[in-house]
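In this text, all values refer to a predicted model and were calculated from it rather than measured experimentally.
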Amino acid sequence: MGGHPFYRFCRSALEDIRKQGRYRQFTPLARQADRFPVYEQGGDVQAVAAADGREVVVWSANDYLGMGVEPAVVEAAIAAIREHGAGAGGTRNIAGTSPLHAALEAELADLHGKEAGLLFVSGYVSNQASLQAILTSMPGWICFSDRQNHASMIAGIKGARGASCVIFEHNDLADLEAKLAAAPKDAPKLIAFESVYSMDGDISDIAATCALARKYGAMTYLDEVHAVGLYGPEGAGVARRDGVADQVDIIEGTLAKGFGVHGGYVTGSAELIDYLRSVASGFIFTTALPPSVVAAALASVRLVRRESW
Ligand SMILES: *Cc1c(COP(=O)(O)O)cnc(C)c1O
């Protein structure tokens with residue numbers, strides 16, 4: 001095995017990674033649904049330590065609220081599997097759209113005060129597919145991207161052939177304004193940023209960013225992945241907390257962190273969502289989220305919206 005030059009490349013690259021102390025080892029841990037956040041050391045043969053059933057308390061998970069083990073959420077998934085089976089059975093265009101998908105999209109649009117919402121198989125895919133689709137729509141797009149934007153947004157921006165990307169310094173509105181002012185007046189512009197940044201947990205000034213967007217005729221794309229479920233009334237995020245959700249063109253989020261389940265989404269105007277539904281490759285050419293996942297996410301979102309605890 002390993003005659004092709006690629007395999008030699010892999011070996012030396014992995015050696016470098018090890019030398020730099022960046023080599024990753026996974027420790028399989030079995031989450032205990034009835035004892036959040038307790039996990040048990042798994043029995044996987046690749047486990048670093050012996051599978052001794054040792055208990056581990058995990059504070060690094062991003063199911064921040066434990067919604068993934070909430071009984072109502074778990075029961076919703078089980079009921080949906082019994083009724084509809086384990087998989088979606090198709091892409092959204094071909095047999096994969098259930099009433100549950102439609103209900104969750106309407107729920108998320110309502111959560112953010114937008115006309116429409118669109119589900120994706122993950123938050124990563126929602127960012128990558130939506131940004132790529134928007135930035136390849138018309139010629140000459142310029143995307144203004146915060147330096148600490150998540151890899152999924154960067155993937156979408158880089159994947160948009162023909163669009164250019166201007167990186168502004170992290171949370172630096174003066175730098176953003178200077179770069180907006182220097183760009184051609186009539187080029188279509190989009191500002192892509194986050195509300196709660198995933199690496200440092202700092203929060204952006206959404207109102208001021210939207211004010212700059214208005215001044216320079218730019219659209220705004222906001223990743224609220226680390227905010228939804230946690231900030232603002234009904235867990236609707238920082239834009240809603242700050243009373244400026246209506247000023248943001250596109251609000252993106254995940255169902256896998258604060259909401260504890262799985263999947264990603266964008267919300268915005270009915271026209272924009274209709275366009276993404278029709279052209280975004282990462283939306284069209286993949287099997288829809290399973291009904292059980294959608295039912296669990298719907299139960300989670302509804303519970304978070306209703307319950308102040
Ligand atoms: C985790 C994360 C995503 C991706 O969401 P998933 O649903 O886990 O794919 C997108 N953006 C940010 C800022 C994130 O931290």
Shared hydrophobic cluster for [X] and [Y] (ILVMFWY, side-chain gaps under 4.5 Å):
X: Leu230; Y: Phe193; answer: yes
X: Ile78; Y: Val69; answer: no
X: Ile203; Y: Leu222; answer: yes
X: Leu255; Y: Phe36; answer: no
X: Trp59; Y: Val38; answer: yes

Do the side chains of [Y] and [X] get nearer than 4.5 Å, heavy atoms only?
X: Leu276; Y: Ile134; result: yes
X: His150; Y: Val225; result: no
X: Tyr197; Y: Asp146; result: yes
X: Ser126; Y: Tyr265; result: no
X: Asp63; Y: Arg31; result: yes
X: Cys143; Y: Tyr221; result: no
X: Tyr231; Y: Ser195; result: no
X: Leu131; Y: Leu190; result: yes

Quick one: list whatever passes salt bridge (Lys or Arg N to Asp or Glu O under 4.0 Å) with Asp274, sequence neighbours left out.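 So Asp274 forms a salt bridge (Lys or Arg N to Asp or Glu O under 4.0 Å) with Arg277.
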With sequence neighbours left out, the residues meeting salt bridge (Lys or Arg N to Asp or Glu O under 4.0 Å) with Arg305 are Glu107, Asp110, Glu234
Side chain to side chain contact (heavy atoms under 4.5 Å, CB included) between Asp249 and Ser269, intermediate numbers included: CA-CA 7 Å; Asp249 288 284; Ser269 74; over 6 Å; no
Using only heavy-atom distances, determine whether the side chains of His170 and Asp202 contain a donor-acceptor pair under 3.5 Å. yes
Of all heavy-atom pairs between [X] and [Y], which one has the smallest distance, and what is that distance?
X: Gln148; Y: Glu194; answer: O-OE2, 3.7 Å
X: Asn171; Y: Ser204; answer: OD1-CB, 3.3 Å
X: Ala77; Y: Ala296; answer: CB-CB, 4.0 Å
X: Ser122; Y: His262; answer: CB-NE2, 4.4 Å
X: Leu173; Y: Ala208; answer: CD1-CB, 3.5 Å
X: Leu119; Y: Arg92; answer: CB-NH1, 3.9 Å

Aromatic ring pairing Phe6/Phe9, orientation class (parallel under 30°, perpendicular over 60°, tilted between): parallel
Where do Asp172 and Arg147 land on the side chain to side chain contact (heavy atoms under 4.5 Å, CB included) test, with the steps shown first? CA-CA 10 Å; Asp172 186 338; Arg147 187 175 286 289; over 6 Å; no
Check the pair Arg35, Glu55 against side chain to side chain contact (heavy atoms under 4.5 Å, CB included), reporting the backbone distance first and the verdict last. CA-CA 11 Å; Arg35 286 188 297 155; Glu55 286 187 7; 2.6 Å; yes
Reported CZ-to-CG distance for the pair Phe168 and Leu180, which is rounded to 0.5 angstrom: 8.5 Å
Inter-residue atom distance Thr267.OG1 - His112.NE2, 0.5 Å rounding: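 Taking OG1 in Thr267 and NE2 in His112, the distance rounds to 5.0 Å.
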Give every donor-acceptor pair under 3.5 Å between a side-chain atom in residues 280-292 and any protein atom, sequence neighbours left out.
none

Any salt bridge linking Arg241 with Glu224? Criterion: basic side-chain nitrogen under 4.0 Å from a carboxylate oxygen.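 Judged by the 4.0 Å cut-off on N to carboxylate O distance, Arg241 and Glu224 do not form a salt bridge.
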Begin from the C-alpha positions of Ile273 and Glu115 and carry the test side chain to side chain contact (heavy atoms under 4.5 Å, CB included) through to its verdict. CA-CA 9 Å; Ile273 296 303; Glu115 289 173 359; over 6 Å; no
